[in-house]
Chemist: 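Dropping the structure in here first, questions after.
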Amino acid sequence: MAEANTMDALVALCKRRGFIYPASEIYGGINGFWDYGPLGVQLKNNLRDHWWRSMVECPPIGPDGHPLQMVGLDSSIIQNPNTWVASGHVGGFNDPMVDCRECKTRFRADKVFYVYVFSEACSREIKDDMSIYLNRDPGCEGEVEIVLAAAAEGDSLEQAADFAPEAIRQAAKNHNIGNFKKCEAPEEVSLLRGLGTFLLKDKNGLDFLTVVTPATRADGGPRPCPRCGAADSLTEPRLFNLMFETFVGAVKDEDAKAYLRPETAQGIFLNFKNVLDTMRVKVPFGIAQIGKAFRNEVTPRNFVFRSREFEQMEMEWFCPPDEAPKWYEFWKAERMKWWRGLGIEPANLRLRDHDKDELAHYSDACVDVEYKYPFTAPNFGELEGIAHRGCFDLTRHQEHSKIKMDYFDPERNERYIPHVIEPASGLTRGALVLLCEAYTPDESRPSKVFMKFHPKFAPVKAGVLPLVAKDGMPEIAEKLYLELRETFIVDLDIKQSIGKRYARQDEIGTPYCFTIDGQTKEDDTVTVRYRDTLQQDRIAISKVKDFLAEKIGGK
RNA sequence: GCGGGCGUAGCUCAAUGGCUAGAGCGUCAGCCUUCCAAGCUGAAUGUUGUGGGUUCGACUCCCAUCGCCCGCUCCA
């Protein structure tokens with residue numbers, strides 16, 4: 001697997017050989033959507049089936065030496081829209097953005113903060129305007145003096161408490177008000193409401209108020225850019241809807257609004273009680289699901305890496321709260337082992353722990369399995385996220401649905417809401433990794449390139465080729481083909497020269513070719529040609545099926 | 001959405017504003033071929049993204065529009 005400019009060649013090969021086509025191509029395409037061709041769907045299904053097999057049908061052995069409990073699920077793509085209110089996606093996936101007209105930087109509006117300082121001697125108008133942020137009745141005393149942009153990229157709302165004192169200090173300094181020493185000591189700054197409003201006190205009590213507010217709420221005053229400092233250069237916040245909306249039923253009004261799921265996980269949480277009540281499972285156990293998910297990405301990029309419709313393989317592991325760190329570590333190791341087991345070059349895989357400030361709203365800790373994609377190299381890009389979701393989701397659904405989500409643990413004789421560890425893989429990203437990993441230029445062979453798929457994932461397992469299309473060879477080949485296709489996906493290719501046919505099989509990554517030649521009629525043997533080495537062995541035609549079974553493995 | 005780049009055959013690409021828009025590869029047919037012959041012969045495949053304009057004449061210049069690619073942001 002090679003450098004970034006091979007990505008174009010890979011994309012071209014994917015189309016030329018029927019792996020992946022641009023969606024709606026005859027209408028000029030549609031950005032962020034891809035169609036999986038005959039070979040692509042086979043490759044993707046092979047990966048999908050392997051995950052399902054190793055997760056649901058034959059789950060890993062747990063730390064106690066016994067197999068884990070795991071069940072499967074296939075929930076609906078469209079659910080009651082309250083699902084997404086409860087999960088936080090209706091809020092979280094509607095991120096307003098602002099752009100700097102000067103330096104062209106884009107910020108998430110809730111990560112750009114403005115600081116308003118509200119002190120004595122300000123106009124009534126501003127005072128009243130500010131009071132909405134202060135959650136006070138209009139007509140209160142005080143004055144707004146300052147509007148200051150002061151967000152650093154990567155600052156989250158949660159960090160505002162750390163950020164605010166410094167910003168306030170600067171504000172006070174720049175505008176020469178107040179004694180900014182007063183807010184240096186943390187105890188002198190207290191959070192009034194939410195994350196935005198700070199009360200700065202001195203010995204005499206209330207001195208002045210500051211409001212730190214994300215740009216989403218900062219309508220009115222000048223909007224300087226935190227990056228380049230240009231005055232009033234930010235645009236109004238614009239909404240980017242990351243969830244696809246649709247309408248259920250014939251009448252298209254707001255009441256009928258629903259969403260295409262942006263992750264498969266919520267379908268699992270919605271069915272937690274059902275599974276618990278019907279499947280004789282005990283905590284700890286897991287529910288696994290594979291399916292499509294949809295995100296209206298601002299910018300789909302890098303082939304199928306970031307597409308608007310994609311496929312996930314997700315598992316939610318429910319465990320007692322005090323065991324969550326143990327299971328987090330367990331799945332972290334287990335998932336890495338799984339990816340390595342696919343035959344991926346170990347140097348191209350790594351684990352990366354998320355920093356606190358990049359954690360999603362639902363997670364306590366998160367680690368990514370990352371792959372060195374050609375377009376990210378020498379850096380890595382995400383392939384799977386293993387999140388410690390705590391009891392966030394079940395708790396939220398309990399709140400919103402009023403249905404109890406707690407679990408009675410008979411062994412501990414206690415009730416709790418289970419904590420959740422979530423290994424969430426991209427199936428379509430996984431297929432992309434298999435493609436990237438397999439792509440092997442080789443100037444020495446006629447095809448100049450071959451796809452070095454692990455035999456287990458190769459879309460076609462073997463080619464059945466008569467050396468020449470005469471002397472009864474095609475007949476023998478067809479007989480072998482009919483026998484093999486009962487168990488394996490095999491190609492029968494009779495026409496054209498043998499070299500040309502080998503080359504074609506190389507390019508689609510067929511690991512073995514069985515060739516019927518003159519000797520076959522004499523001693524019932526065929527040659528087996530290995531894709532990776534180009535070497536050939538002679539084996540009995542009756543052993544071909546066993547040969548493939550051994551090479552490709554069982555289920 | 002903003003900025004930059006690009007749209008010619010299935011793919012990769014040519015073609016000073018001027019003959020019927022070409023080449024290689026792939027595909028298909030025939031031939032050849034007893035293990036790399038992806039060799040030989042031939043065939044099919046284009047509203048040059050779309051619409052307008054300038055011009056005697058536009059793949060080429062201008063405008064608009066659509067789409068794709070790269071960056072910003074987001075994420076499996």
Side-chain angles (χ1 to χ4, degrees), chain A residues 4 7-9 11-18 21-22 24-32 92-109 111 153 227 235-236 238-240 242 262-265 292-308 310-314 358 360 368-370 375 381-387 422-430 432 444-448 465-471 473 495-507 513 515-521 526-527 529 534-536 538:
Chain A
M7 203 58 207
D8 290 343
V11 174
L13 183 143
C14 280
K15 182 176 175 192
R16 179 158 43 89
R17 287 302 180 185
Y21 311 122
S24 323
E25 197 182 11
I26 62 168
Y27 289 106
I30 175 167
N31 196 7
F93 275 79
N94 287 276
D95 295 329
M97 311 292 283
V98 292
D99 293 307
C100 175
R101 296 187 185 91
E102 294 300 319
C103 68
K104 309 298 180 194
T105 309
R106 162 168 296 169
F107 305 93
R108 252 175 69 176
K111 291 191 175 182
E153 201 181 279
R227 170 70 63 80
T235 60
E236 286 299 307
R238 274 189 296 261
L239 207 58
F240 288 80
L242 290 184
E263 61 174 18
T264 59
K292 295 254 187 181
F294 304 83
R295 290 182 196 174
N296 204 356
E297 298 288 351
V298 180
T299 312
R301 229 14 91 77
N302 292 327
F303 201 27
V304 297
F305 179 76
R306 179 175 296 122
S307 49
R308 290 182 165 135
F310 60 103
E311 215 160 345
Q312 293 185 304
M313 308 185 288
E314 293 196 293
E358 60 178 320
D368 284 344
V369 177
E370 295 189 324
F375 48 81
E382 189 178 357
L383 171 59
E384 167 163 348
I386 301 156
E422 176 199 77
S425 305
L427 169 55
T428 35
R429 280 190 182 174
L432 174 61
S444 75
R445 63 177 75 199
S447 59
K448 308 296 182 200
L465 318 172
L467 184 59
V468 290
K470 59 182 182 184
D471 299 340
M473 292 180 204
K495 301 215 170 192
Q496 298 179 320
S497 74
I498 190 69
K500 194 161 188 157
R501 284 175 285 160
Y502 283 150
R504 187 187 293 126
Q505 296 297 339
D506 278 351
E507 233 180 12
C513 287
T515 303
I516 288 81
D517 59 14
Q519 197 180 323
T520 305
K521 275 193 292 186
V526 294
T527 62
R529 180 251 194 199
L534 305 182
Q535 287 181 342
Q536 294 187 16
R538 183 160 281 275

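Each chain gets a letter, A, B and so on, in the order its sequence line appears, and its residues count up from 1.
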Chemist: Using atom P of each nucleotide, how far apart are B:G57 and B:G52 to the nearest Å?
Modeler: 15 Å
Chemist: Suppose we screen for salt bridge (Lys or Arg N to Asp or Glu O under 4.0 Å). Which residues come up paired with A:R429, at least two apart in sequence or across chains?
Modeler: none
Chemist: Rounded to the nearest 0.5 Å, what's the gap from OG1 on A:T264 to CE on A:M313? Could you check?
Modeler: 10.5 Å
Chemist: With sequence neighbours excluded, what pairs up with A:R308 under the salt bridge (Lys or Arg N to Asp or Glu O under 4.0 Å) test?
Modeler: none
Chemist: Just checking A:T264: base, sugar-phosphate only, or nothing, at a heavy-atom cut-off of under 4.0 Å?
Modeler: nothing
Chemist: With sequence neighbours excluded, what pairs up with A:E314 under the salt bridge (Lys or Arg N to Asp or Glu O under 4.0 Å) test?
Modeler: none
Chemist: Check nucleotides 11-14 of chain B against the protein and report each pair of N or O atoms closer than 3.5 Å, with its distance, or say if there are none.
Modeler:
unit_1: B:C11; atom_1: OP1; unit_2: A:K15; atom_2: NZ; d: 2.6

Chemist: Looking only at atom types and distance, does a side-chain atom of A:R295 sit under 3.5 Å from a main-chain N or O of A:R306, one as donor and one as acceptor?
Modeler: no
Chemist: Distance check, C1' atoms only: B:G46 and B:C56, in whole angstrom units.
Modeler: 26 Å
Chemist: Nucleotides 65-67 of chain B: which of its N/O atoms have a protein N/O under 3.5 Å away?
Modeler:
unit_1: B:G67; atom_1: O3'; unit_2: A:G28; atom_2: O; d: 3.4
unit_1: B:G67; atom_1: O2'; unit_2: A:G28; atom_2: O; d: 2.5

Chemist: Of all residues at least two apart in sequence or in a different chain, which pass the salt bridge (Lys or Arg N to Asp or Glu O under 4.0 Å) check with A:K521?
Modeler: none
Chemist: On a plain distance test, is the side chain of A:R445 in donor-acceptor contact with the base of B:C36 below 3.5 Å?
Modeler: no
Chemist: Just jot down the side chain to side chain donor-acceptor pair (under 3.5 Å) partners of A:E382, sequence neighbours excluded, or say none.
Modeler: none
Chemist: Can you measure A:N296 atom CG to B:U73 atom P for me and round it to whole angstrom units?
Modeler: 18 Å
Chemist: Who passes ring pair (Phe, Tyr, Trp, His ring centres under 6.0 Å) against A:Y502, sequence neighbours left out?
Modeler: none
Chemist: Under 4.0 Å from OP1 or OP2 of B:C70: is there any side-chain N or O of A:N302 that close?
Modeler: yes
Chemist: Distance between the P atoms of B:G17 and B:G7, in whole angstroms?
Modeler: 15 Å
Chemist: Mind checking the P distance from B:U12 to B:G3? Whole angstroms is fine.
Modeler: 28 Å
Chemist: For the pair A:D517 (side chain) and A:Q519 (backbone), establish whether a donor and an acceptor sit closer than 3.5 Å, ignoring hydrogens and angles.
Modeler: yes
Chemist: Quote, to the nearest angstrom, the C1' distance that separates B:C68 from B:G42.
Modeler: 36 Å
Chemist: Give the dot-bracket string for RNA chain B, reading 5' to 3', where a pair is Watson-Crick or G-U wobble with both distances under 3.5 Å, ( ) marks pairs inside the strand, [ ] marks pairs crossing earlier ones, | marks a partner on another strand, and . marks unpaired.
Modeler: (((((((..((((....[...)))).(((((.......))))).....(((((..]....))))))))))))....
Chemist: Between atom CZ in A:R308 and atom C1' in B:G1, what is the gap in whole Å?
Modeler: 11 Å
Chemist: Which is true for A:L13 with a 4.0 Å heavy-atom rule: it touches a base, it touches only sugar-phosphate, or it touches nothing?
Modeler: nothing
Chemist: Report the residues that fulfil side chain to side chain donor-acceptor pair (under 3.5 Å) with A:R504, sequence neighbours left out, ordered by chain and then residue number.
Modeler: A:D493, A:Q496
Chemist: May I ask you to decide if A:T527's main-chain N or O and A:Q536's side chain share a donor-acceptor pair within less than 3.5 Å?
Modeler: no
Chemist: Output the rounded distance in Å from CG (A:L534) to P (B:C36).
Modeler: 10 Å
Chemist: Would you mind building the protein contact string for nucleotides 27-35 of chain B? One character per nucleotide, 5' to 3', B for base within reach (heavy atoms under 4.0 Å), S for sugar-phosphate only, - for untouched.
Modeler: S-SS--BBB
Chemist: Donor-acceptor pair, A:T428 side chain versus A:E311 backbone, under 3.5 Å?
Modeler: yes
Chemist: Using the P atom as the reference point in each nucleotide, state the distance between B:C69 and B:G30 in Å, no decimals.
Modeler: 40 Å
Chemist: A:F303: what forms a ring pair (Phe, Tyr, Trp, His ring centres under 6.0 Å) with it, not counting sequence neighbours?
Modeler: A:W34
Chemist: Give the rounded distance in Å between these two atoms: CD of A:E422 and C1' of B:A76.
Modeler: 9 Å
Chemist: Expressed as a whole number of angstroms, how long is the span from A:F305:CZ to B:C69:P?
Modeler: 15 Å
Chemist: So A:S307, base contact, sugar-phosphate only, or nothing? Heavy-atom distance under 4.0 Å.
Modeler: base
Chemist: Can you tell me whether the side chain of A:R306 and the base of B:C74 have a donor-acceptor pair closer than 3.5 Å?
Modeler: yes
